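Here is the structure we will look at.
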Number of protein chains: 2
Amino acid sequence: MQNSEAMALSAALLAVAGGLTQRINEGVVARGFEGLRPAHGFAFARLAPDGATVTDLAAHLGVTKQAASQLVDEIVRKGYAERRVHPLDARARLIVLTERGWACTRAAEEAAAEVVRGWSDVLGEGEVQALREQLGRIAPYGPIRPAW
Amino acid sequence: MQNSEAMALSAALLAVAGGLTQRINEGVVARGFEGLRPAHGFAFARLAPDGATVTDLAAHLGVTKQAASQLVDEIVRKGYAERRVHPLDARARLIVLTERGWACTRAAEEAAAEVVRGWSDVLGEGEVQALREQLGRIAPYGPIRPAW
DNA sequence: GAGAGATGGTCAAGTAGCTTGACCATCCCG
DNA sequence: CGGGATGGTCAAGCTACTTGACCATCTCTC
């Protein structure tokens, strides 16, 4: 594969990723959840299963724990999460989603599903499934949040 | 397709995009071009063919023209581009890449090709070609720079 | 042509999200 | 028990971006 083709693939990938992020965010706003940025979505994804500590979140987002703490301040103030005492470590706080936080997470899922449905209309269901499988195989580990 | 699958696809896509961006940037740095951020790469991509005006660049990057102007200041100061008089409009300046700017662009292409080669090792050349074609079909128009 | 509004660009100041540095509370381990 | 490691916060600073104001030049209409 030539460099120019690699660039075409890269550009398309980044454009799709950017559009997806934007449209998920728009979908979340349209469902009544305001004052949130895409970075919050990445935090919610980490908090969703069982909660997480600030340090966990920082590693997941690829930022300092101070930055993660500020982000938690923000989503707590806006009613999407709350700080609880950690059951196993008195130093730590367990950050968990509130009901509103869960509702917002579901809204993000719906918005994402809506975008993906648009892709199915273009590519067909099978190709989208293949896309999911292929991207899963080349996805790197490490912090989730794209660092640009 | 269920919402959870849409989320899995979205997460994989964003992870791949984030990893790609990071690795291209690392590759560019490794080739001796310092002081550049991913946003500069998106600017170079727009400048590369024939140059562009600050306003063009701003629209392409999805930022204000003031921000684009500052970014141009920076790449001019670092020797990657220069401001020329616009041949058709005395108000405008045509921003064009210097030889160093072109060298950096080629370095980014090489770095991208390197990453894509890694994908070929996992997926096979044919699947990567298919990926390129499919992503090209679902890529949105509008500003290129992912807005998160 | 001549004036009025639109457009390209820059200067200046403010903002938001991140960083580094310092610090305290608690945990873990010899 | 004592000392280092770890979780978290407070404070201050940095930087990429924004909004607002302004000038030069283009373009349209009369």
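Quantities reported herein were computed from a predicted structural model and do not represent experimental measurements. Side chains are part of it too, since the values below use all heavy atoms of this structure and drop only hydrogens, waters and symmetry mates. Protein chains get the first letters and strands the later ones, always in sequence-line order, with residue 1 at the start of each.
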Between A:Arg83 and D:dT9, does any side-chain N or O lie under 4.0 Å from OP1 or OP2?
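A:Arg83 to D:dT9 OP1/OP2: side-chain N or O found under 4.0 Å.
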Under the side-chain hydrogen bond (donor to acceptor under 3.5 Å, both in side chains) test, residues paired with [X] that sit two or more places apart:
| X | answer |
| --- | --- |
| B:Glu34 | none |
| A:Ser69 | none |
| B:Gln66 | none |
| B:Asp56 | B:Thr53 |

Flag side-chain contact, heavy atom, 4.5 Å: [X] against [Y]:
| X | Y | answer |
| --- | --- | --- |
| B:Leu13 | A:Leu20 | yes |
| A:Leu36 | A:Val29 | no |
| B:Leu123 | A:Ile138 | yes |

Do B:Arg117 and A:Glu5 sit within salt-bridge range, that is, some charged N less than 4.0 Å from a carboxylate O?
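Here B:Arg117 does not pair with A:Glu5 in a salt bridge, since their nearest N and O are not under 4.0 Å apart.
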Run the side chain to side chain contact (heavy atoms under 4.5 Å, CB included) test against [X] and tell me which residues pass, sequence neighbours left out.
| X | result |
| --- | --- |
| A:Arg23 | A:Glu26, A:Val115 |
| A:Glu74 | A:Arg37, A:His40, A:Arg77, A:Lys78 |
| A:Arg100 | A:Phe33, A:Tyr80, A:Thr98 |
| A:Arg93 | A:Arg83, A:Ile95 |

Heavy atoms within less than 4.0 Å of DNA chain C: which residues of residues 64-73 of chain A have one? Give them sorted by number.
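Heavy-atom cutoff 4.0 Å gives A:Thr64, A:Gln66, A:Ala67, A:Gln70.
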Within residues 85-97 of chain B, find the residues that approach DNA chain C with a heavy atom at under 4.0 Å, and present them sorted by residue number.
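Going residue by residue through residues 85-97 of chain B, the ones with a heavy atom under 4.0 Å of DNA chain C turn out to be B:Arg91, B:Ala92, B:Arg93.
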If you measure from CG on B:Leu57 to CZ on B:Phe44, what distance do you get to the nearest 0.5 Å?
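Between atom CG of B:Leu57 and atom CZ of B:Phe44 there are 10.5 Å.
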Kindly state which residues belonging to residues 48-57 of chain B come within less than 4.0 angstrom of DNA chain D, counting heavy atoms of the residue only, listed by number.
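Of all residues in residues 48-57 of chain B, none places a heavy atom under 4.0 Å from DNA chain D.
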Divergence of helical axes at both termini of the helix from C:dG1-D:dC30 to C:dG30-D:dC1 - five pairs an end, 10° steps
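The end-segment axes of the helix from C:dG1-D:dC30 to C:dG30-D:dC1 are tilted 30° relative to each other.
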Specify the separation, in whole Å, of atom CG of A:Leu36 and atom P of C:dG17.
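After rounding, the gap between these two atoms is 11 Å.
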